[in-house]
Amino acid sequence: MNEIDVPLFHFSRGHFIEADYQDPLLEDYRNNPLLEALPPIWDDKTVAKQLAANPSFNVAERELPVHLRMHCVQRISRDFFRPLSRHLELQQSLSRLIRDGYVGRNPLTPNLCIQSP
């Protein structure tokens, strides 16, 4: 099979993942498969842990000459991230916006077809 024989839209079919439906823990979100398929709503501690990143460190690098250690220090600006309160607020806002958008789009509700433009 050569390049010409490849189907036209072969690469745009996407990647499918089977949904894992979980109890959303809030009555407003229950019985809506769109909301139940989303990841759980994280608390700030979990979000901070998921977002945080620390640079790799090797104790032997302390013995390197200064001109090489400076390159190791540069790694901090590339690999270090400590979430601030604004990052946590942004994550919570996005989580609420996504979920609020799905509340009125419940495919199990008969009114969905009527509401759709």
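- The cluster map of Ile, Leu, Val, Met, Phe, Trp and Tyr, joined by side-chain heavy atoms under 4.5 Å apart, puts Val103 and Leu108 in different clusters.
- Between the side chain of Asp79 and the backbone N or O of Ser56, no donor-acceptor pair lies under 3.5 Å.
- Under the 4.5 Å side-chain heavy-atom criterion for Ile, Leu, Val, Met, Phe, Trp and Tyr, Ile98 and Val47 are members of distinct hydrophobic clusters.
- The two residues Tyr21 and Pro33 come nearest to each other via the heavy atoms CE2-O, 3.3 Å.
- No single ILVMFWY cluster, assembled from side-chain heavy atoms under 4.5 Å apart, contains both Leu25 and Tyr29.
- For the pair Ser95 (side chain) and Gln91 (backbone), a donor-acceptor distance under 3.5 Å is absent.
- Annotation: side chain of Pro40 is in contact with side chain of Gln22 (closest heavy-atom distance under 4.5 Å).
- Qualifying side chain to side chain donor-acceptor pair (under 3.5 Å) partners for Asp23, counting only residues two or more places apart in sequence or in other chains: Arg30.
- A side chain to side chain donor-acceptor pair (under 3.5 Å) check over residues 40-51, counting only residues at least two apart or in different chains, returns the pairs Asp43-Thr46.
- Listed by chain and residue number, Ser77 satisfy the side chain to side chain donor-acceptor pair (under 3.5 Å) test with Gln74 (two or more places apart in sequence, or in another chain).
- The two atoms that bring Ala48 and Leu88 nearest to each other are N-CD2, 3.9 Å, heavy atoms only.
- With hydrogens and angles ignored, the 3.5 Å screen pairs a side-chain donor or acceptor of Glu36 with a backbone N or O of Asn31.
- Cluster note: Val59 groups with Phe57 through ILVMFWY side-chain heavy atoms spaced under 4.5 Å, whether in direct contact or through intervening members.
- A distance of 12.0 Å separates CG of Leu34 from CZ of Arg99, quoted to the nearest 0.5 Å.
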Check the pair Asp28, Leu35 against side-chain contact (heavy atoms from CB on, under 4.5 Å), reporting the backbone distance first and the verdict last.
CA-CA 10 Å; Asp28 292 348; Leu35 291 163; over 6 Å; no
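- Using a 4.5 Å heavy-atom threshold, the side chains of Ile41 and Arg96 count as separate.
- Taking a 4.5 Å side-chain heavy-atom cut-off between Ile, Leu, Val, Met, Phe, Trp and Tyr, the cluster of Val66 extends to Met70.
- Residues Leu94 make up the rest of the hydrophobic cluster containing Leu90, defined by ILVMFWY side-chain heavy atoms closer than 4.5 Å, directly or through other members.
- The list of ring-ring contact (aromatic ring centres under 6.0 Å, His included) pairs with a residue in residues 62-81, not counting sequence neighbours, reads Phe81-His87.
- Legend: residues meeting side chain to side chain donor-acceptor pair (under 3.5 Å) with Arg82, ordered by chain and number and at least two apart, are Asn54.
- Residues passing the side chain to side chain contact (heavy atoms under 4.5 Å, CB included) test with Leu97: none are found, sequence neighbours excluded.
- Residues Asn32 and Pro107 meet the side-chain proximity criterion, which asks for heavy atoms closer than 4.5 Å.
- Taken to the nearest 0.5 Å, the CG atom of Leu84 stands 10.0 Å off from the CD atom of Glu89.
- Every residue two or more places apart in sequence or in another chain that forms a side chain to side chain donor-acceptor pair (under 3.5 Å) with Glu61 is listed here: Arg75.
- As a member of the Ile/Leu/Val/Met/Phe/Trp/Tyr network built from side-chain separations under 4.5 Å, Leu68 groups with Leu64.
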